[in-house]
Amino acid sequence: MYYYLLALFIILLDQATKWIIVSYMNIGDRITVIENFLYITSHRNRGAAWGILQGQMWFFYIVTVIVVVMLVIYIQRLQSNQRLFGLALSLMLGGAIGNFIDRIFRKEVVDFIDTYIFTYDFPIFNIADSALVVGVGIILILTLFEGKLDKEKKDE
Ligand SMILES: CCC[C@@H]1OC(=O)[C@@H](C)C[C@H](C)CCCCC(=O)CCC[C@@H](CC)/C=C/C=C(\COC)CC[C@@H](O)[C@@H](O)C[C@H](O)CNC1=O
């Protein structure tokens, strides 16, 4: 149950930040937060990461619905000792729905977090993307870690 509340919090935070960007900035406007590292740049993306599949909204709708259904199934099946796994699923659920709302109502995704990793201008993203990437990262770490644990058990 708490997992859905966390997902809802992510969705509200994501939509609130996007609403502020849309309301107070024009596309292309840039605010410097940390020179040469972090900017707030109002941007729109009709595709997925790195702008792939521009305009393929039906593909995004179908993939997002599948992702959301899978996440809900996994959340429903969580055991009490899988809190970190549940946290990751909630982050991904919130992120996926956050971008889904944009794709349905705006037909594009609002992005504004503009970081320069060294000299590389990383694609501009948003709170929903961050939640998705952190969620994916936690699951990768859990999977690798469990793999290591199982290996150790076998070696015993
Ligand atoms: C984060 C997934 C992207 C997100 O997927 C979603 O919505 C999901 C729920 C639905 C998609 C239709 C399916 C995922 C397609 C796979 C994909 O894309 C490969 C992702 C790799 C990933 C490693 C996990 C890298 C990360 C990149 C970025 C995020 O860095 C923090 C750059 C984000 C900017 O290009 C920004 O313009 C993107 C824009 O906001 C729209 N966002 C999406 O499509």
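Read the numbers this way: they start at 1 and go in the same order the structure lists the ligands and their atoms.
Cluster annotation: Tyr24 is not connected to Ile21 through the hydrophobic network of ILVMFWY side chains, with a link wherever side-chain heavy atoms come within less than 4.5 Å.
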Please give the N or O to N or O pairs under 3.5 Å between ligand 1 and the protein, distances rounded to 0.1 Å.
from	atom 1	to	atom 2	distance (Å)
ligand 1	7 (O)	Asn99	ND2	3.1
ligand 1	7 (O)	Arg103	NH1	3.2
ligand 1	18 (O)	Ala49	N	3.3
ligand 1	35 (O)	Trp50	N	2.8
ligand 1	37 (O)	Asn45	ND2	2.8
ligand 1	37 (O)	Asp111	OD2	2.6
ligand 1	37 (O)	Ile124	O	3.0
ligand 1	40 (O)	Asp111	OD1	2.7
ligand 1	40 (O)	Asp111	OD2	3.4
ligand 1	40 (O)	Asn126	ND2	3.3
ligand 1	40 (O)	Asp129	OD1	3.3
ligand 1	40 (O)	Asp129	OD2	2.5
ligand 1	42 (N)	Asn99	ND2	3.3
ligand 1	42 (N)	Asp129	OD1	2.8
ligand 1	44 (O)	Arg103	NH2	2.7

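With sequence neighbours excluded, the residues satisfying ring-ring contact (aromatic ring centres under 6.0 Å, His included) with Tyr116 are Tyr39.
Between Ile113 and Ile127, the shortest heavy-atom distance links the atoms CD1-N, 4.1 Å. Closest approach of Trp19 to Ser23, counting heavy atoms only: O-OG, 2.5 Å. Between Tyr3 and Leu87, the shortest heavy-atom contact is CE2-N, 3.8 Å.
Each of Gln54, His43, Arg46 was checked for a side chain to side chain contact (heavy atoms under 4.5 Å, CB included) with Glu108, and the lone residue meeting it is Arg46.
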